[in-house]
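Here is the structure we will look at.
Not measured: the values here are computed from a predicted model. So that the names make sense, note that chain A is the first sequence line, chain B the second, and so on, each numbered from 1. Values below: every heavy atom of this structure, side chains too, minus hydrogens, waters and symmetry copies.
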Amino acid sequence: MAAPKIIARDLSMEYQARDEAGREERVPVLEGFDLQVREGEFLSILGPSGCGKSTFMNILAGLAHKTGGDLLVDGKPLQGINRNQGVVFQGYALLPWRTVLDNIAVGLEIRGVSKAQRLETAREYLELVGLNGFASRYPHELSGGMRQRVAIARSLAYDPDVLLMDEPFAALDAQTRETLQSELLRIWDTHKKTIVFITHSLDEAIFLSDRVAVMTQRPGRIKEIFDIDLARPRLPELRNTQAFVHYRQRAWEALRDEVTDITREPAAAATHQNWQSIATLGGYRIGV
Amino acid sequence: MGFKLTSRRVFDSTVGIVAFLALWEALPQLGIVNPGYLSPPSAVLGAVLDLASSGDLLKHVQASLFRSFAGLLLAIASGVSLGLMMGWFARVESVLDPLLQFFRQTSALALFPVFILFLGIGELSKIAIIFWASFWPILLSTISGVKQVDGLLINSALSMGANRWFLFTKIVLPAASPSIFTGIRLAGAYCITALVAAEMIGAHSGLGFLTLNSQEVFQIPSMYAGILLLAVVGLLLNFLLALLERRFTYWRRGLRHGG
Ligand SMILES: Nc1ncnc2c1ncn2[C@@H]1O[C@H](COP(=O)(O)OP(=O)(O)O)[C@@H](O)[C@H]1O
Ligand SMILES: [Mg+2]
């Protein structure tokens with residue numbers, strides 16, 4: 001078997017924060033985090049809100065620094081930003097002063113590609129995400145689903161090997177979300193990227209992935225990884241099959257303790273203002 | 001924003017202006033207010049025409065425009081560049097901030113004697129006071145504009161491999177531009193106030209001088225002409241800055257409504 005694309009070994013990360021009394025305190029977010037991502041696979045990381053999913057993704061993207069452990073990409077320790085990775089954020093992160101086409105071309109512009117060339121490439125990716133005819137619109141003129149399509153096109157346009165997606169569809173309505181999930185699978189099928197997809201939705205993780213990694217509550221680590229042996233291409237109806245429901249049950253069992261525990265922990269939650277709201281939200285969000 | 005004027009609104013505002021002018025004309029004409037103190041608009045218009053034909057109007061308007069533009073442009077150039085530095089480099093800000101907090105509280109008018117002492121009674125001291133008054137709103141809004149840039153946009157650009165120069169010119173600058181222009185518009189208003197003050201103290205030209213001087217020699221209609229022209233200059237400046245703002249932040253059109 002080929003060497004893993006990404007290896008996280010005993011990864012840890014802690015924030016320095018101030019508690020209510022203004023004392024410095026260390027907030028461990030990741031601890032003993034082990035994960036291997038295979039070349040070309042679609043891997044989802046599933047975990048309750050606040051468990052450290054975004055933190056892991058930011059470290060992987062080079063936007064945050066680990067405080068311990070190893071992180072290897074293509075066998076080499078990650079240093080700074082990895083230019084072979086594309087990141088898609090939940091909040092779209094489109095530049096409001098640029099048209100759709102110019103947004104898609106940003107990564108190419110950063111790489112010094114000539115204007116004519118990058119606009120041509122951007123057009124290809126615009127078409128790929130089904131936004132023909134929207135090239136000269138501004139982001140605020142688009143729906144949430146369309147904005148996320150632009151963000152996906154932008155991250156693909158400079159042809160990275162790995163796509164990191166941090167709850168990209170969480171803010172979308174159920175209908176749009178399912179459409180984009182299918183679109184993403186179609187794109188993945190033609191472009192053969194390695195995708196690390198973060199979500200707190202069981203259905204989403206199972207529908208999309210080759211493997212699902214379930215995280216514990218904070219300080220987060222990978223609790224369990226299981227294969228999703230569902231045939232591809234996957235159609236929307238798959239969600240109603242016996243096999244799908246079976247995986248759903250299994251993932252829920254892994255996740256349930258993490259979710260219930262976090263809501264049963266008001267003392268810990270109260271030490272950090274954010275945690276309380278995140279914990280409460282987590283209870284609702286996960287209870288699908 | 002007043003760019004889309006409906007016919008209804010044009011009508012309403014015309015009614016307001018006409019009624020005001022009629023009242024203004026009637027009060028002194030009917031002797032309700034002493035015409036020696038309040039000249040009717042017809043007399044003010046006469047004074048404007050007299051000033052125009054004698055060439056004085058051009059002289060005063062030119063002097064005022066030159067001073068306000070010089071002061072304002074200097075303030076924009078230095079306020080925006082210093083503001084960008086202070087917003088971007090936390091260290092620069094922490095060093096300069098206490099100083100600036102003190103200086104911004106120092107009124108431009110209070111400093112006028114100092115400016116005169118150093119720069120003389122000529123154009124320089126007048127430009128300096130206008131500069132001082134316009135500089136602060138631009139500086140402060142530039143700093144806050146830079147600091148309020150959405151971290152997600154920065155992270156996203158970084159994740160694509162952007163270097164600091166790209167971040168600064170292609171992300172931070174455009175993202176901060178609405179806030180910078182808010183400061184520039186405000187500076188436009190402060191600039192006119194400072195202009196009037198500067199021209200009322202030891203000047204021999206300019207609309208502020210015209211206004212005060214006319215009062216001193218009891219040319220009351222031309223005093224009102226000066227006030228009126230100052231208002232017109234202020235309006236024009238504001239209009240010009242609004243155009244400039246639209247040119248640079250065109251992408252925000254519809255943002256407020258659509259979101
Ligand atoms: N800058 C920060 N300082 C202190 N704590 C933080 C900071 N960012 C995130 N955290 C905490 O780290 C934990 C994990 O955050 P995050 O990775 O965003 O969770 P997730 O993406 O799984 O919802 C949360 O409890 C959050 O409050
Ligand atoms: Mg998150």
Legend entry - A:Pro160 backbone acceptor or donor facing A:Lys193 side chain under 3.5 Å: yes
Inset, instruction - Let me know if B:Asn155 has heavy atoms under 4.5 Å from chain A in its side chain, its backbone, both or neither. - result: both
Legend entry - Engaged part of B:Ile154 at the chain A interface, taking heavy atoms whose separation is under 4.5 Å: neither
Legend entry - Parallel, tilted or perpendicular: rings of A:Trp188 and A:Phe42 (30°, 60°): perpendicular
Inset, instruction - Give me the ring orientation class for A:Tyr138 and A:His140: parallel if the planes are under 30° apart, tilted from 30 to 60°, perpendicular past 60°. - result: parallel
Inset, instruction - Specify which of B:Thr249, B:Ile171, B:Asp150 makes the most heavy-atom pairs with chain A at under 4.5 Å. - result: B:Ile171
Legend entry - Ring centre gap for B:Phe131 and B:Tyr190 strictly below 6.0 Å: no
Legend entry - Heavy-atom proximity to chain B below 4.5 Å, by part of A:Leu164: neither
